[in-house]
There are 2 protein chains.
Amino acid sequence: MSTNGHHSIFAPAFKIQMNCHDCVLSRLCLPGCLQQNEVEQLEKIVKRNRPLHKNEHLFRAGDAMQQVYALRSGALKTYLLDQDGNEQITGFILPGELVGLDAFGNHCFPSYAVALETSLVCTIPLADLEELAGYIPSLRKQLLTTLSRELHEEQQHYSHNRESAEQRLAIFLLNLSQRYSRRNLSATSFILSMSRGEIGNYLGLTTETISRLFSRFRQLGLLEIKGRELHLMQPSALTRLGKNAAQQPAI
Amino acid sequence: MSTNGHHSIFAPAFKIQMNCHDCVLSRLCLPGCLQQNEVEQLEKIVKRNRPLHKNEHLFRAGDAMQQVYALRSGALKTYLLDQDGNEQITGFILPGELVGLDAFGNHCFPSYAVALETSLVCTIPLADLEELAGYIPSLRKQLLTTLSRELHEEQQHYSHNRESAEQRLAIFLLNLSQRYSRRNLSATSFILSMSRGEIGNYLGLTTETISRLFSRFRQLGLLEIKGRELHLMQPSALTRLGKNAAQQPAI
DNA sequence: CGAGCGATTGATTTCTTTCAATATCGGTGG
DNA sequence: CCACCGATATTGAAAGAAATCAATCGCTCG
């Protein structure tokens, strides 16, 4: 009772952060389809970390896998390192997305996660999560759903492999646009949190190719870009471009 | 009691098939790390299907997702169809591997699965599996582990995107070799259950490129191949080739 | 203000695709 | 049993897309 009756001087401010229920991202995040009382249980095990600064790692391959993470604000990239030390970026993480799911069942993370800008993450201890999943069927389902959706997205990403550089960049930009839009941010104006090189790495292209494509897209009036500030002028034309490289007339 | 005392005339033969516990593939499959009594519970919900003939579909995108599958014998391919009707092969399934995991949390399968040769599959009803996962923590863990491993493998597959055609085929063949080996089959001699075109599709290359590469590998003495019968002569050289395209001498 | 990284743009090279022509295999029916 | 068919595989020549090499520009941060 006494602990409920008064708080440490830091508690109120801290408390505001600690709430999944009030988080605008919850519908995109692990709470997803959970009932309110279930979210409350989840909240009890979720921790918040200090902010992660740009270029700071959330985890590295080989780190003990004792928790998964959800991004609260900012942006991350995840990547693998091959035997020659080459970085292969496997994804860009936006707020509301989970990170570290590729490590389930391993003792260590197989991949790296690093902040592209100052970011806040929520930490979910694995032991607690597993226990809670025993009680809450919809949490189990949510975990499997999230993981299988990631798998499907990864497959789709791979399947763009055979398409032209132009198509791949168009698809990438539209994907970002859609994800920002789901977060109630502008679908047509946003800041790229990653460099040209990182986009290229992710898409299996080079910095130079990305740069040339941005120039071409600008010349075609599809977009305006200055540094990392992007404005999509003709999303529909970009969509068309993403679908069929040469606009092959039907039949 | 009377039902235990005697069987239908088909029961004995059927019973032999129905046993995960005796299945040589169980350590690779869903039973994975389960305890014996847990495997017995799993067995109760697993069904076996009639054989799937070559080119017969196990499921198609859009089919209701009411079960997942485990391959018992034969080989499958899974693929996506893009908006233009182009097939993108997302994986080749060998005995002991699960199929359909990319559909969790969806009502329908997003992908297709078709037999590359006559195959037997085990069927696991989703409702039963979800219920059982409530009782058996290690089954929950096993599901998440399997799914996250698939995700990681998909990421690795994608990360070979930037490598040369030569490297990609080398890596592919070594991957098959390793998977056959884990099934106590020869790591150096096996039959490719897929066509050159299917290999190419999977790797983001063309039939012709695959064919040329096989010829080159043969000329280099790395392998012998006649039709779909493959024999790896120098797996270690193939490994080296998979690692660095031009054998750049270290420093 | 200078250093250095990221971005842009051009010229050239390289690898893979595309187009095209055979060749081979597996199955079917005469 | 053999001939024929379609599908699959092989091989060559040409075209094309992106990488590589290289130079310059511009911005940000000490």
Side-chain angles (χ1 to χ4, degrees), chain A residues 53-55 77 86-89 114 116-118 160-173 191-220 223-230 241-242 244-246 248, chain B residues 53-55 77 86-89 114 116-118 160-173 191-220 223-230 241 244-248:
Chain A
H53 295 112
K54 183 171 174 166
N55 296 326
K77 69 173 174 184
N86 298 314
E87 175 176 322
Q88 172 60 51
I89 296 175
V114 65
L116 294 173
E117 53 189 79
T118 303
H160 296 135
N161 199 0
R162 52 198 324 82
E163 308 187 36
S164 71
E166 206 173 47
Q167 285 178 87
R168 275 185 268 176
L169 183 59
I171 291 166
F172 173 74
L173 294 177
I191 307 288
L192 298 171
S193 45
M194 70 294 286
S195 69
R196 307 285 192 274
E198 286 168 328
I199 295 173
N201 181 302
Y202 178 66
L203 297 177
L205 302 167
T206 58
T207 303
E208 293 94 326
T209 299
I210 299 300
S211 191
R212 275 184 251 271
L213 286 173
F214 273 134
S215 300
R216 195 188 308 171
F217 286 174
R218 183 173 16 201
Q219 281 172 1
L220 292 171
L223 51 77
E224 284 172 0
I225 185 164
K226 177 156 174 55
R228 298 194 176 181
E229 218 176 306
L230 180 66
L241 202 123
N244 38 7
Q248 33 184 301
Chain B
H53 295 113
K54 183 169 176 171
N55 297 326
K77 70 173 174 184
N86 299 314
E87 175 176 322
Q88 172 61 51
I89 296 175
V114 66
L116 294 173
E117 53 189 81
T118 303
H160 296 135
N161 200 359
R162 53 200 320 87
E163 308 187 36
S164 71
E166 205 173 49
Q167 285 177 87
R168 275 186 267 175
L169 183 59
I171 291 165
F172 172 74
L173 294 177
I191 308 287
L192 297 171
S193 44
M194 69 293 287
S195 70
R196 307 285 192 272
E198 286 168 328
I199 296 173
N201 181 302
Y202 178 65
L203 297 177
L205 302 167
T206 58
T207 303
E208 295 94 324
T209 299
I210 300 299
S211 192
R212 276 185 250 272
L213 287 173
F214 273 133
S215 300
R216 195 189 308 171
F217 285 175
R218 182 171 19 202
Q219 281 170 2
L220 293 171
L223 52 76
E224 284 172 2
I225 186 164
K226 178 155 174 55
R228 297 191 176 183
E229 216 175 306
L230 179 65
L241 202 127
N244 36 9
Q247 34 266 48
Q248 31 183 305

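So that the names make sense, note that chain A is the first sequence line, chain B the second, and so on, each numbered from 1.
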[X]: which residues meet the side chain to side chain donor-acceptor pair (under 3.5 Å) condition with it, sequence neighbours left out?
| X | answer |
| --- | --- |
| T209(B) | T206(B) |
| T207(A) | none |
| E87(B) | K77(B) |

Closest heavy-atom contact between L203(A) and N161(B)?
O-ND2, 4.2 Å
List the atom of I89(A), the atom of N201(A), and the distance in Å for their closest heavy-atom pair.
N-OD1, 2.8 Å
Nearest-nucleotide check on DNA chain C, R168(B) vs R212(A); residue mapping nearer the 5' end is R212(A)
Would you tabulate the side-chain donor-acceptor contacts of residues 210-220 of chain A under 3.5 Å, counting partners in other chains and residues two or more places apart, or write 'none'?
| from | atom 1 | to | atom 2 | distance (Å) |
| --- | --- | --- | --- | --- |
| S215(A) | OG | S211(A) | O | 3.1 |
| R216(A) | NH1 | E166(A) | OE2 | 2.8 |
| R218(A) | NH1 | I225(A) | O | 3.0 |

Angle by which the axis turns from one end of the helix from dC1(C)-dG30(D) to dG30(C)-dC1(D) to the other, five pairs per end, to 10 degrees
40°
I need the [atom1]-[atom2] distance between [X] and [N], as an integer number of Å.
| X | N | atom1 | atom2 | result |
| --- | --- | --- | --- | --- |
| L213(B) | dT10(D) | CG | P | 11 Å |
| L169(A) | dA18(D) | CG | P | 11 Å |
| E163(A) | dA18(D) | CD | P | 12 Å |

Flag the pair L205(B) / L169(B) as yes when at least one side-chain heavy-atom distance between them is below 4.5 Å, and no otherwise.
no
Find out whether L116(B) and K54(B) are in side-chain contact, i.e. whether some heavy atom of one side chain is under 4.5 Å from a heavy atom of the other.
no
Reading DNA chain C 5' to 3', which nucleotide is the first, and which the last, to come under 4.0 Å of any heavy atom in chain A?
dA7(C) to dA11(C)
Looking at residues 191-207 of chain A, who's got a heavy atom less than 4.0 Å off DNA chain D?
G204(A), L205(A), T206(A)
Test side-chain contact (heavy atoms from CB on, under 4.5 Å) applied to E163(A) - qualifying residues, sequence neighbours left out
H160(A), Q167(A), I171(A)
Could you list the residues that satisfy side-chain contact (heavy atoms from CB on, under 4.5 Å) with E117(B), not counting sequence neighbours?
A75(B), S119(B), S193(B)
Which nucleotides of nucleotides 22-30 of chain D have their base under 4.0 Å from a protein heavy atom (B), which only their sugar-phosphate (S), and which neither (-), written as one string 5' to 3'?
---------
Sugar-phosphate, base or nothing in reach of S211(A), heavy atoms under 4.0 Å
base
Within the 4.0 Å heavy-atom criterion, would you say R228(B) contacts the bases, only the backbone, or no part of the nucleic acid?
sugar-phosphate
